[in-house]
Amino acid sequence: MELRSVTKTYGPVRALVSVSARFEAGRVTMVLGPNGSGKSTLLSIVGTLTRPTSGRVSHGSLGKTRAAVRAALGWVGHDSLCYGDLSGRENIELSAKLHGLDPAHAFEAARQRFDLGAFAERPFRTYSRGQRQRVALARALVQKPGLLLLDEPTTGLDAAGVERLREVVRAESARGAIVVVVTHDEPFAKSAGDDWLSLERGRIVEG
Ligand SMILES: Nc1ncnc2c1ncn2[C@@H]1O[C@H](COP(=O)(O)OP(=O)(O)OP(=O)(O)O)[C@@H](O)[C@H]1O
């Protein structure tokens with residue numbers, strides 16, 4: 001997957017300025033940079049949720065159409081994309097159904113992988129932050145995405161939660177996914193990343 005000279009403006013604000021980068025299958029790219037440097041904008045362009053103002057985005061073998069890329073996309077952003085009135089189990093099962101997969105099988109796999117306890121039967125809105133994060137991640141991974149995008153995934157996680165996340169990120173890339181993670185957590189970025197890309201005022205400064 002590749003961005004070529006991608007610029008994104010919002011009125012007078014230049015969120016990204018001529019950004020070029022490659023993201024390889026089987027590698028984890030960490031996107032770093034201060035607040036407002038364009039990290040979330042980059043992620044949403046890569047995820048086809050935002051169109052660039054100029055420049056080119058190629059998703060390579062993930063697909064040529066937005067629909068194809070979105071079918072291959074696993075996304076955990078600031079918004080969990082989970083329904084608050086549904087339980088964790090129901091959220092995961094719903095995601096499985098939307099991808100044409102067996103819901104019970106998908107939930108059982110997620111339950112084991114993310115150690116989902118009795119809380120998985122309660123409404124999602126009652127969850128602690130760490131529980132939300134586990135279910136949101138489980139939901140995003142249901143269809144074994146070819147492209148996994150995570151925005152600040154360590155926020156609110158304890159040390160054990162961060163370690164589990166690191167293992168999941170490494171396992172997903174080892175499976176062959178392209179993984180792109182926006183983070184302010186430098187120890188996590190160092191330990192879980194293969195490639196690092198730093199943004200400052202919408203421009204790549206290294207990496
Ligand atoms: N929908 C929008 N409308 C107007 N300006 C926007 C919009 N989205 C982002 N911006 C602006 O673009 C710039 C980059 O924002 P972005 O959210 O990509 O930064 P970020 O690096 O993810 O920041 P943070 O670390 O605070 O999450 C900021 O100046 C922001 O205010």
Side-chain angles (χ1 to χ4, degrees), residues 1-24 27-59 62 66 69-70 72-82 84 127-137 139-141 145 147-159 161-162 165-166 168-169 172-173 177-207:
M1 182 173 76
E2 191 174 10
L3 305 189
R4 261 173 278 163
S5 301
V6 166
T7 293
K8 177 69 187 178
T9 56
Y10 294 102
V13 177
R14 299 207 295 170
L16 290 178
V17 185
S18 197
V19 166
S20 296
R22 282 178 69 88
F23 303 90
E24 308 284 350
R27 294 186 77 82
V28 179
T29 303
M30 295 289 175
V31 181
L32 302 150
N35 291 139
S37 56
K39 304 181 299 297
S40 298
T41 303
L42 176 80
L43 211 60
S44 85
I45 286 175
V46 163
T48 76
L49 307 179
T50 300
R51 288 178 199 271
T53 307
S54 64
R56 293 204 48 161
V57 184
S58 159
H59 283 91
L62 290 169
R66 274 156 77 96
V69 173
R70 286 185 185 186
L73 175 63
W75 170 282
V76 182
H78 296 262
D79 180 356
S80 67
L81 302 182
C82 288
Y127 291 3
S128 73
R129 198 182 258 182
Q131 289 168 339
R132 280 171 189 256
Q133 191 70 354
R134 271 144 77 189
V135 169
L137 200 52
R139 184 203 152 283
L141 296 178
L147 175 60
L148 178 61
L149 305 180
L150 306 176
D151 200 349
E152 300 286 0
T154 62
T155 306
L157 294 184
D158 61 17
V162 173
L165 177 69
R166 199 184 69 78
V168 167
V169 159
E172 292 300 306
S173 71
I178 299 171
V179 184
V180 185
V181 184
V182 164
T183 186
H184 286 112
D185 184 334
E186 292 199 9
F188 176 71
K190 272 202 186 123
S191 68
D194 297 301
D195 301 307
W196 297 268
L197 193 157
S198 289
L199 287 172
E200 229 168 78
R201 297 183 189 183
R203 295 176 191 271
I204 292 182
V205 289
E206 61 190 70

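Whatever order the structure lists them in is the order used to number ligands and atoms, beginning at 1. Position 1 is the first residue of the sequence, and the numbers go up from there.
At distances below 3.5 Å, at least one donor-acceptor pair connects side-chain atoms of Thr7 with backbone N or O atoms of Ser18. Remark: the backbone N or O of Val46 is paired with a side-chain donor or acceptor of His59 at under 3.5 angstrom. Here the side chain of Gln131 pairs a donor or acceptor atom with the backbone of Ser128 at under 3.5 angstrom. Remark: side-chain polar atoms of Lys39 are paired, donor with acceptor, to backbone N or O of Pro34 under 3.5 angstrom. In this structure, Glu200 contributes its side chain and Gly33 its backbone to no donor-acceptor pair below 3.5 Å.
Contact atoms of ligand 1 toward Val13: 11 (C), 12 (O), 29 (O) (distance under 4.0 Å to a heavy atom of the residue). Listed by atom number, the atoms of ligand 1 under 4.0 Å from Ser37 heavy atoms are 19 (O), 20 (P), 21 (O). Near His184, meaning under 4.0 Å from one of its heavy atoms, ligand 1 places the atoms 25 (O). Which parts of ligand 1 touch Pro34 is read off a 4.0 Å heavy-atom cut-off, strictly below it: atoms 21 (O). Close approach of ligand 1 to Ser40 is summarised as follows: ligand atoms under 4.0 Å from at least one heavy atom of the residue are 17 (O), 18 (O), 20 (P), 22 (O), 27 (O).
A cation-pi contact, defined as under 6.0 Å to the ring centre and within 45° of the axis, is absent between Lys190 and Phe188.
With respect to atom 21 (O) of ligand 1, the closest heavy atom belonging to the protein is Lys39 NZ, 2.7 Å. Residue, atom and distance of the protein heavy atom nearest to atom 12 (O) of ligand 1 are Ala15 CB, 3.4 Å. Looking from atom 1 (N) of ligand 1 to the surrounding protein, the closest heavy atom is Tyr10 CE2, 3.5 Å. The nearest protein atom to atom 19 (O) of ligand 1, hydrogens excluded, is given as Gly38 N, 3.3 Å; this is a heavy-atom distance. For atom 14 (C) of ligand 1, the closest non-hydrogen atom on the protein side is Gly36 O, 3.4 Å.
Ligand 1 has no atom lying under 4.0 Å from any heavy atom of Gly33.
In this structure, atom 31 (O) of ligand 1 is not in close contact with the protein, since no protein heavy atom lies within 4.0 Å of it.
Among all heavy-atom pairs drawn from Ala136 and Cys82, the shortest one is CA-SG, 4.1 Å.
For atom 15 (O) of ligand 1, the nearest non-hydrogen atom from the set Thr41, Thr50, Thr183 comes from Thr41.
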Query raised in the report: Would His78 and Glu152 satisfy side chain to side chain donor-acceptor pair (under 3.5 Å), going step by step from the backbone distance to the final call?
Result: CA-CA 7 Å; His78 296 262; Glu152 300 286 0; 5.8 Å; no
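Arg70 and Thr48 are linked by a side-chain donor-acceptor pair at a separation below 3.5 angstrom, with hydrogens and angles left out of the test.
At a 4.0 Å heavy-atom cut-off, ligand 1 touches Asn35 through backbone and side chain alike.
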